[in-house]
Protein chains: 2
Amino acid sequence: MFLNQRITIKTACIFCMLFFSISNFAQQPADFVNPFIGTSNYGATFPGPIAPRGMASISPFNVAGKQNKLEKDSQWLSNPYVNENTFLTGFSQVNLSGVGCPELGVILLMPTTGDVEINHLKYGSTYSNEIAKAAYYSVDLDKYKVKGEFTASKRVGVSKFTFPKGKSNILLNLGLGLTNEEGAMVKVVSSTEIEGMRTVGSFCYNSPEDAYPVYFVAKFSKPADKFGIWKKTPKYEGIEAQWMTYNGKTRMMENSIKTVVGDSIGTYFTYEFDKKETVEVKIGISYVSIANARENLEKETGNKSFEAVYKETYDEWNKELSKILVEGGSSDDNTIFYTALYHTLIHPNTLNDWNGEYPVIKRNKIAKTTGTRYTTFSLWDTYRNMHQLTSLVYPKQQSDMIKSMLDMYDENGWLPKWELNSTETFTMVGDPASIVIVDACLKGIQDFDFYKAYYAMLKGSNQTDDNPLRPGLKEYIDKGYLSTNYPGPVSTTLEYNTSDYAISLLAKALGEKDDYKRFSKRSLSYRKLFDKDLKLLRPRTPNGKWYEPFDPESGANFEENVGFIEGNAWQYAFMVSHDIKGLIKLMGGEKPFSDQLQKVFDSKQFDMANEPDIANPFLFNYVKGDEWKAQELVKKLVKEYFLNKPNGLPGNDDTGTMSAWVVYAMMGIYPISPGDPIYTITAPMFHRVKIKLDPAYYKNESIVIERQINNDGKINSIEINGKPLNSFFISHEDFVNGNTLKVIQN
Amino acid sequence: MFLNQRITIKTACIFCMLFFSISNFAQQPADFVNPFIGTSNYGATFPGPIAPRGMASISPFNVAGKQNKLEKDSQWLSNPYVNENTFLTGFSQVNLSGVGCPELGVILLMPTTGDVEINHLKYGSTYSNEIAKAAYYSVDLDKYKVKGEFTASKRVGVSKFTFPKGKSNILLNLGLGLTNEEGAMVKVVSSTEIEGMRTVGSFCYNSPEDAYPVYFVAKFSKPADKFGIWKKTPKYEGIEAQWMTYNGKTRMMENSIKTVVGDSIGTYFTYEFDKKETVEVKIGISYVSIANARENLEKETGNKSFEAVYKETYDEWNKELSKILVEGGSSDDNTIFYTALYHTLIHPNTLNDWNGEYPVIKRNKIAKTTGTRYTTFSLWDTYRNMHQLTSLVYPKQQSDMIKSMLDMYDENGWLPKWELNSTETFTMVGDPASIVIVDACLKGIQDFDFYKAYYAMLKGSNQTDDNPLRPGLKEYIDKGYLSTNYPGPVSTTLEYNTSDYAISLLAKALGEKDDYKRFSKRSLSYRKLFDKDLKLLRPRTPNGKWYEPFDPESGANFEENVGFIEGNAWQYAFMVSHDIKGLIKLMGGEKPFSDQLQKVFDSKQFDMANEPDIANPFLFNYVKGDEWKAQELVKKLVKEYFLNKPNGLPGNDDTGTMSAWVVYAMMGIYPISPGDPIYTITAPMFHRVKIKLDPAYYKNESIVIERQINNDGKINSIEINGKPLNSFFISHEDFVNGNTLKVIQN
C-alpha cells in the first residue's frame with residue numbers, strides 16, 4: 001500500500017503536470033489576463049475592455065456618489081473604477097489606465113429600467129457577478145436586473161445590454177465624468193443614433209487652455225420607442241429669475257433632434273420590451289470630428305455583432321501577448337506576467353482615426369498619418385523601462401511612437417514631456433523623450449529621421465531661454481545643477497543628467513565628438529550635489545551652499561520637499577544609473593555603496609510605487625559578490641507587490657511602467673541604464689521565456705531565457721548560447737543576437 | 001415791389017412744389033424707410049439691415065453695460081438696440097422686431113483695435129454718425145475709429161469694417177446676447193471661417209425645454225493673421241479648486257481649431273494692417289444645421305461684394321414697398337407710411353433654409369418646403385390688422401403663412417398661438433390662428449387645404465381636454481365665459497368669441513349650417529359678462545357672481561388684473577368688433593354707446609400701444625352721425641403717436657401690428673372686424689393711394705384710394721367707381737373689385 005500509495009501520488013503528479021500542461025496548452029496568453037489587477041490600491045487601471053493601444057475603452061464607472069468609499073470629488077482620484085467601491089453610475093467610453101491625475105472617464109452609458117431618472121445619484125446601482133477578461137467585461141446591475149457586456153475595437157466601444165421585459169432605458173450622460181473639465185454637445189440624429197462631443201483636458205490641472213473635445217457617434221441596434229435629451233441649467237441669479245419658473249430646473253426635451261450644449265446634459269433612449277431583449281450600442285470615438293467618429297465606427301465595427309468584435313479584439317490581444325511565451329510558472333505567475341504585459345500595451349495608444357487623421361499639438365490643424373499616431377506619453381515614468389520593453393518586443397510600435405514624438409516636435413517645436421491627446425501637459429520634470437529615442441536608436445530601431453531627433457534633443461538641451469522642457473537650463477549648464485530657485489532641483493538635475501547621458505551616447509554614435517564630450521561631462525554634474533557626510537544628494541541654494549535645514553527623509557508620500565519631486569533624498573540617492581561606478585567612488589567604494597543601498601531598503605525608504613528608485617534593487621549587481629541581493633530583493637518585491645488581485649500593483653501603474661518592471665523582473669533581465677542598450681540579469685521566475693523578435697528589426701527569430709534551478713538559490717552562472725557570460729550585464733546586441741540566455745542557479 | 005414780392009413767393013412755391021415732385025420722383029418707396037422709427041419708446045424695432053421677411057438681420061447691440069440708460073439685465077427689455085443708449089458692444093446677427101420679450105439678439109460681431117479684449121464691458125464703445133436705411137446701416141465706433149457698414153440677404157448678414165492702420169480684431173461673442181438662454185458651440189474652421197451654434201429660446205420665459213440652436217457659419221474676406229477662442233469657465237467650488245490655478249479664469253486658446261462649448265465663449269480674428277483696410281464678414285444663419293448655414297451663405301451671397309448684396313436687398317425692399325404708392329403726403333408722411341409698411345414686412349419671417357429645410361415644431365424632424373416656411377407668428381397681435389394687410393397687398397405671402405400654420409398643425413396637432421422658430425411659446429391668450437385663416441379664406445385666398453384648416457379650427461374650439469390653445473374651454477362652452485378660475489377671464493372670453501365668430505363665417509361659407517349656428521351663438525356669449533350698471537365687461541366668479549371688488553381702471557400699464565390680460569375693463573369694453581350692433585343694444589342704443597366709447601378717450605383709458613382697444617377709434621363709424629369722430633380721432637392718433645422719430649411708434653410694434661394700424665389708418669380704411677372681410681372708412685392721409693393687386697389672387701391690377709379735400713373737414717361722401725357708397729363700410733370684395741375709392745371731404 002505504502003509503495004502503491006507513493007506510486008499513486010507520483011502518478012497523480014504526472015497527471016497533474018500533464019493536466020497543467022494541457023491546461024497551459026489550452027489557455028492562451030490572453031486567457032491569463034486579469035484586468036482587475038491594479039483596480040485597487042490606486043493602481044488606476046480599469047477592468048473594462050480595450051484593444052491593444054486602443055483609443056476607445058469601456059470602464060465601469062463607480063467613483064461618483066457618497067455610497068462609494070473612494071469618491072471622485074472628495075479627493076484627488078485618478079481612476080474611473082475602484083474595486084472596493086460598490087455604486088455604479090455608468091460605463092465610460094474613453095479612459096486612461098494607470099495615470100495619477102483624473103482625466104477622461106466620460107461619455108457614460110447606463111442602462112436602467114422603469115421611468116427615466118437622470119440624476120446619477122438616483123439611477124446608480126450596486127452590481128454583482130463582474131467578469132473581466134482581455135477585451136471583455138460583464139456585470140449585473142442589481143437594481144435593474146440588467147446584464148451589461150462590453151467589448152471594444154481600437155476606436156469603438158461596444159456595449160450589450162440584456163433587459164428584462166418592461167420599460168427600459170439607455171442613458172448617455174455627458175455631464176458626469178472623471179475629467180476636471182465640463183461642457184458637452186449632443187444631438188440625437190435618429191432613434192438609433194446619437195452624435196456629440198464632450199470636453200476633457202486640463203490633465204493634472206495643467207494647460208487648461210488646451211482643454212479639448214472628444215467626439216463620438218453612438219449607434220443602437222434597436223430603434224428607441226422614445227428618446228430625448230436632458231439639460232440641467234445653472235440657477236440664474238439676476239432680475240429675470242422672477243419670471244423663470246424653470247430656473248435651475250432640469251429640462252426634459254422629448255424626441256427632439258436639435259443640438260444641445262451644456263455642462264450637465266445627456267440623452268435617454270427608451271424601450272418598451274414585451275420580453276427579455278438585448279440592445280447593442282456601438283460608440284465610435286474621434287479626437288478630430290463627429291464625421292470621423294462615425295467613420296471609425298462604420299469601418300471598424302460596421303454590422304459586426306458584439307461577439308464578432310470581441311473575438312477580433314481577443315485575437316489581437318492574444319497575438320500581441322504571445323510575443324512572449326512563458327513556461328513553468330504557476331497560474332498566478334502567468335496571470336501576473338501576462339496582465340502586466342497587457343498593461344504595457346494600453347498606453348501609448350492610438351490617436352489617429354481610421355482615415356489617419358489626428359489633431360496636431362495645440363490643435364491648430366488636422367494632420368494625417370499612414371502609420372499610427374501615438375499619444376499618452378507619460379515619459380517621466382516610461383523612459384525607465386516601458387519603452388525598453390517595447391523596443392525589444394514591439395519594435396515597430398516603438399518606432400511609430402518615436403515618429404509620433406518627432407511629429408510633435410515638428411508641430412510644437414519641442415519633443416514631448418507628458419503628451420496626452422495632442423496636449424502637452426508639462427506634467428513632471430525632465431526631458432525624457434531624448435532618452436527614449438536614444439535607447440531605441442542604439443538598439444537598432446532607426447527607421448525614423450534620427451538626425452532630426454538629434455537636432456530636437458540638442459534644442460531641448462541647449463536652448464536656455466523659453467525652454468518649456470528644461471526650465472532652469474542656464475543655471476544647470478552654468479553650475480551643473482539647479483538650485484533651490486527651482487522646484488525639486490535635485491530631482492530635476494538628475495533627470496537632466498540622465499537625458500544628457502543619453503544624448504552623449506547618440507552623439508558618440510553619430511561621431512559628434514564635441515557633443516559627446518560636452519554631454520558626457522554634463523551627465524555627471526549631479527556629483528556636485530553629493531553630500532559626502534550624508535552620502536546622499538542634497539539641494540544647494542542659489543549661492544551654492546547646502547540647503548538648510550535638510551531632512552533626507554522628508555518628501556516621502558508626496559509631502560512637499562525642497563529638493564525633490566515625488567520622493568526624498570533616500571529615494572533619489574541612486575537615480576544615476578548611468579554613473580553607478582562614479583557614485584560608488586563618491587560613496588567611498590563598493591562596500592559603502594552597497595551598505596547605503598541596503599539602507600534604503602532596511603530603513604523602509606524604498607518606494608516600489610514610484611519611479612525614482614525602481615531600479616535600485618538591480619543596482620546590487622554593480623557590487624561584485626552582492627548580486628544575490630539583487631536576485632533576492634527582486635524576487636521579494638515581485639512576491640510582495642505584484643499579485644493576482646485587484647491590489648496587485650504597488651500603486652499607479654503609470655501607463656505600464658510598474659507593469660514593465662515586473663515583466664522584466666520576472667524574465668530575469670532589466671534595462672538598468674535608460675538610454676544605454678544594456679540589461680542586468682537577475683533570476684528569471686519562469687523555467688523558460690521565449691521572446692519572439694520582429695524580423696524587420698532583429699536578425700534572430702526569437703531569444704530564449706532559460707532557468708536551471710538546482711536548489712532554487714543564488715545565480716551560479718550565466719551562459720549565452722552555451723558559453724559563460726561572466727557578467728551580470730549583457731548588451732542588448734549580445735542578447736538579441738544570442739539564441740539562449742541560460743541562468744543557472746544553485 | 002409788393003406785387004413783385006407776392007409773385008416771387010408764389011413762384012418760389014411753384015418751384016418748391018416742382019422740386020418736391022421731382023424729389024418724390026427720384027425717391028423710391030424704399031428710400032423713405034427710416035429704420036430708426038420704433039427704436040425708442042419701447043417700439044422694439046432695430047435699425048439694422050434685414051431683407052423682406054428675412055431670417056438673418058444685423059442690429060447694433062447697445063443694451064449691455066451700465067453706461068446704457070436701458071440695460072438688458074436690469075429690467076424686462078425686449079430689444080437689442082435702444083436709441084437713447086450710447087454704449088455699443090457688438091452687432092447681433094439674428095433679431096426680432098417689435099416683440100415684447102427678450103429673445104435672439106445673439107452672435108455678436110464686434111470690431112476692435114489694439115490688443116484683444118474679450119470683456120464686452122471693456123471693449124464696448126460709444127459711436128457716432130449712425131445711418132440707417134432699408135437694407136443698410138452704418139456707424140463709426142469712437143473708441144476704435146472703425147467704421148462698420150451692414151447689409152443682409154435673406155439668410156446672411158454682411159458686415160464691412162474699415163479699420164485704421166495697425167492691429168485690428170474682429171470678435172464674435174457667443175456669450176453676450178439678448179435671449180434668456182445661454183450655451184454655444186464654436187469651431188474656427190480656418191483663418192477665414194468660423195462655424196458654430198448659439199442656444200436661444202424660452203421666449204417670454206415660456207417653453208424652456210424647447211430652447212433651440214441657431215447655427216451659423218461666418219466667412220471673412222481676409223484671412224486672419226492670428227485667431228483664437230476664448231472661454232470663461234464658471235468658478236468651480238469643490239475640493240479640486242485648490243489645484244485649479246485657472247479656476248474661474250478666462251482661457252485664451254490661440255489658433256486652435258477644436259470645438260469649444262460653453263456659456264461664455266467667443267472667437268477673435270486678429271489682423272496687422274499696414275494701412276487702412278476693410279474686412280467683410282458674411283454670416284450665414286440656419287435653424288437646421290451648420291451645413292445648411294454654410295449653404296445659405298454660399299448660395300445667397302457667394303462671392304458677392306457688400307455693395308452687390310446691399311443693392312439686391314434694397315431692390316427687393318423697393319419692389320415690396322412699391323406695391324403701395326402714395327402721393328401727396330409730406331416727406332415725413334411718406335417716411336412714416338413706408339417705414340410702417342417696411343415693419344409689417346419683417347415678421348412673420350422665413351424659417352426654411354435655401355434648400356427648403358426647416359425644423360418642425362418640437363424639432364423632432366427636419367422637413368422640407370418648396371415654398372416658404374414662415375415663423376414668428378405673434379398672432380394675438382397680428383390677427384387684428386397685420387394679416388389683413390398681407391392678404392390685401394401680399395396675398396402669396398399670406399397664403400404661405402397659412403400653409404406654414406397648417407404644417408404646424410400637422411406637426412404639433414394644433415394651430416399656432418405664438419410660434420417662434422418652430423417653438424410654440426404659448427404666449428398670450430386666445431385661438432387667433434382661426435381668425436387669420438378665415439379672414440384670408442373669405443378674401444379669396446384659398447390655395448391651401450381649407451378643409452384641413454377648418455378641421456384644425458374645430459379641434460381647437462371643440463376639444464375640451466388637454467387643449468393648449470383654449471384652456472378653460474369646457475367652462476367657456478358650458479357658461480359662455482371663463483370665470484375667475486382662469487387668468488384674464490374676460491379677455492380670454494372675448495378672444496374665444498372673436499375666434500368663434502370667424503369659425504362661424506367659414507362654417508357658413510362651407511355650408512356647415514350646424515357649425516355656423518353653434519359658433520355664431522358662441523361668439524356672442526361675452527354678453528353674459530356685460531355689467532349694465534357699469535356698461536362694461538366684468539369678470540364673474542365660478543359661481544356666476546360678479547367678481548368683487550371691481551375697479552374698471554385697474555390693469556392699465558401691465559398691472560395685474562383679475563379680469564383682463566394686458567389691459568383693464570375700459571380697454572376691453574369694445575373688443576367685440578364682430579358684434580358692435582349687439583354691444584350698442586346692450587349699452588342702450590347708439591347714443592349711450594357713443595358716449596361710453598368717447599369716455600374711453602376722454603378718461604385717458606385709451607391705450608394706443610396695446611391691441612385690445614386699437615380698433616376703438618374706428619367704432620364711431622357704427623354710430624350714424626358720429627363718423628367724423630372716427631375721422632378726427634384717427635387723424636389725431638396718427639399725428640400724436642406715429643412720428644418720423646425714434647419714438648415714432650406708440651410702444652412695441654408687436655411684429656408689425658402697430659405699423660399695420662398706421663398703414664391702414666393713413667390709407668383711410670381699416671379691417672374693423674377680424675375674420676370678416678370688411679373695411680371701415682376714415683379720411684385718407686394722402687391725395688392718392690394706389691395698391692397694386694396680385695393677379696394670382698385678384699381680378700384687378702390695382703385699386704386706388706383718392707382723397708378730395710375741400711376744406712379739410714369731415715367726410716362728405718364716399719364713391720366707389722364714381723358711384724356713391726352711402727356707407728362708411730365696404731366689403732373686401734367690393735373694394736378690390738372696384739377701381740377707385742374716392743373719399744370726398746368737406
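Within every chain, numbering begins at 1; the chains are lettered A, B, ... in the order of the sequence lines, protein sequences first and strands thereafter. For the numbers below, each heavy atom of this structure counts, side chains included, while hydrogens, waters and symmetry mates do not.
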**Q** Which answer fits A/F227, side chain, backbone, both or neither, if we ask what part of it has an atom under 4.5 Å from a heavy atom of chain B?
**A**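 Neither; nothing under 4.5 Å.
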**Q** I'd like to know which of B/S289, B/A211, B/G262, B/C204 tops the heavy-atom pair count under 4.5 Å against chain A.
**A**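 Top option by heavy-atom pairs under 4.5 Å: B/A211.
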**Q** Relative to the ring of A/Y205, is the ring of B/W243 parallel (under 30°), tilted (30 to 60°) or perpendicular (over 60°)?
**A**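 It falls in the tilted class, 30° to 60°.
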**Q** Ignoring hydrogens and geometry beyond distance, is a side-chain donor-acceptor pair present between B/S202 and A/Y246 at under 3.5 Å?
**A**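 There is such a pair (donor and acceptor under 3.5 Å, judged by atom type) between the side chains of B/S202 and A/Y246.
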**Q** Find out whether A/I239 and B/D73 are in side-chain contact, i.e. whether some heavy atom of one side chain is under 4.5 Å from a heavy atom of the other.
**A**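 No. Closest side-chain heavy atoms not under 4.5 Å.
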**Q** Would you mind reporting whether B/N255 and A/K362 have side-chain heavy atoms less than 4.5 Å apart?
**A**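 Heavy-atom side-chain distance check fails, nothing below 4.5 Å.
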**Q** Is A/A184 close to chain B through its backbone or its side chain, or both, or neither, when contacts mean heavy atoms under 4.5 Å?
**A**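 Interface part for A/A184: backbone (N, CA, C, O).
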**Q** Given heavy-atom pairs under 4.5 angstrom as the criterion, report whether the side chain, backbone, both or neither of A/M197 touches chain B.
**A**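 The side chain, not the backbone.
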**Q** Quick one: does A/D210's side chain get under 4.5 Å of B/M253's, heavy atoms only?
**A**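 A/D210 vs B/M253: side chains apart.
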**Q** Which bit of B/W76 comes within less than 4.5 Å of chain A, counting heavy atoms only: side chain, backbone, both or neither?
**A**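 The answer is both parts of B/W76.
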**Q** When you compare the side chain of A/N364 with that of B/S256, does any pair of heavy atoms fall below 4.5 Å?
**A**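 Result no, sub-4.5 Å side-chain heavy-atom pair not found.
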**Q** Between B/P359 and chain A, with a heavy-atom cut-off of 4.5 Å, which part of the residue counts as in contact: side chain, backbone, both or neither?
**A**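 When you check distances to chain A, no heavy atom of B/P359 falls under 4.5 Å.
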**Q** How long is the gap from NZ on B/K365 to OG on A/S190, to the nearest 0.5 Å?
**A**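 Result: 14.0 Å between the selected atoms.
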**Q** At a heavy-atom separation under 4.5 Å, does B/V288 approach chain A through its side chain, its backbone, both, or neither?
**A**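 Answer is backbone: N, CA, C or O of B/V288 sit under 4.5 Å from chain A.
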**Q** By a 4.5 Å heavy-atom criterion (distance strictly below it), what part of A/E181 contacts chain B: side chain, backbone, both, or neither?
**A**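 Only the side chain of A/E181 comes within 4.5 Å of chain B.
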**Q** What I'd like to find out is whether the side chain of B/D263 reaches to under 4.5 Å of the side chain of A/P234, using heavy atoms alone.
**A**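 When only atoms from C-beta onward are counted, A/P234 and B/D263 do touch, with a gap below 4.5 Å.
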**Q** Check each atom of A/Y287 against the heavy atoms of chain B and say whether the ones under 4.5 Å are side chain, backbone, both or neither.
**A**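 Contact with chain B: none, neither part.
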**Q** In terms of side-chain geometry, is the basic nitrogen of A/E209 or B/K258 positioned less than 4.0 Å from the acidic oxygen of its partner?
**A**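 Judged by the 4.0 Å cut-off on N to carboxylate O distance, A/E209 and B/K258 do not form a salt bridge.
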**Q** Where does B/I366 contact chain A at under 4.5 Å (heavy atoms): side chain, backbone, both or neither?
**A**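 Both backbone and side chain.
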**Q** For A/E182 and B/K231, run salt bridge (Lys or Arg N to Asp or Glu O under 4.0 Å): C-alpha distance rounded to whole Å, both residues' side-chain angles, the deciding distance at 0.1 Å, then the answer.
**A** CA-CA 12 Å; A/E182 291 195 295; B/K231 175 170 180 171; over 6 Å; no
**Q** Mind checking the CD-CG spacing from A/E240 to B/L77? Nearest 0.5 Å is all I need.
**A**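 If we round to the nearest 0.5 Å, A/E240:CD and B/L77:CG are 9.5 Å apart.
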**Q** What distance separates A/N180 CG from B/T233 OG1, expressed to the nearest 0.5 Å?
**A**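 Reported to 0.5 Å precision, the distance equals 11.5 Å.
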**Q** Report which part of B/K249 has an atom under 4.5 Å of a heavy atom belonging to chain A: side chain, backbone, both, or neither.
**A**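 Nothing of B/K249, per the 4.5 Å heavy-atom cut-off to chain A.
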**Q** Do B/T259 and A/Y212 have side-chain atoms, one donor and one acceptor, less than 3.5 Å apart?
**A**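 No - no donor-acceptor pair under 3.5 Å links their side chains.
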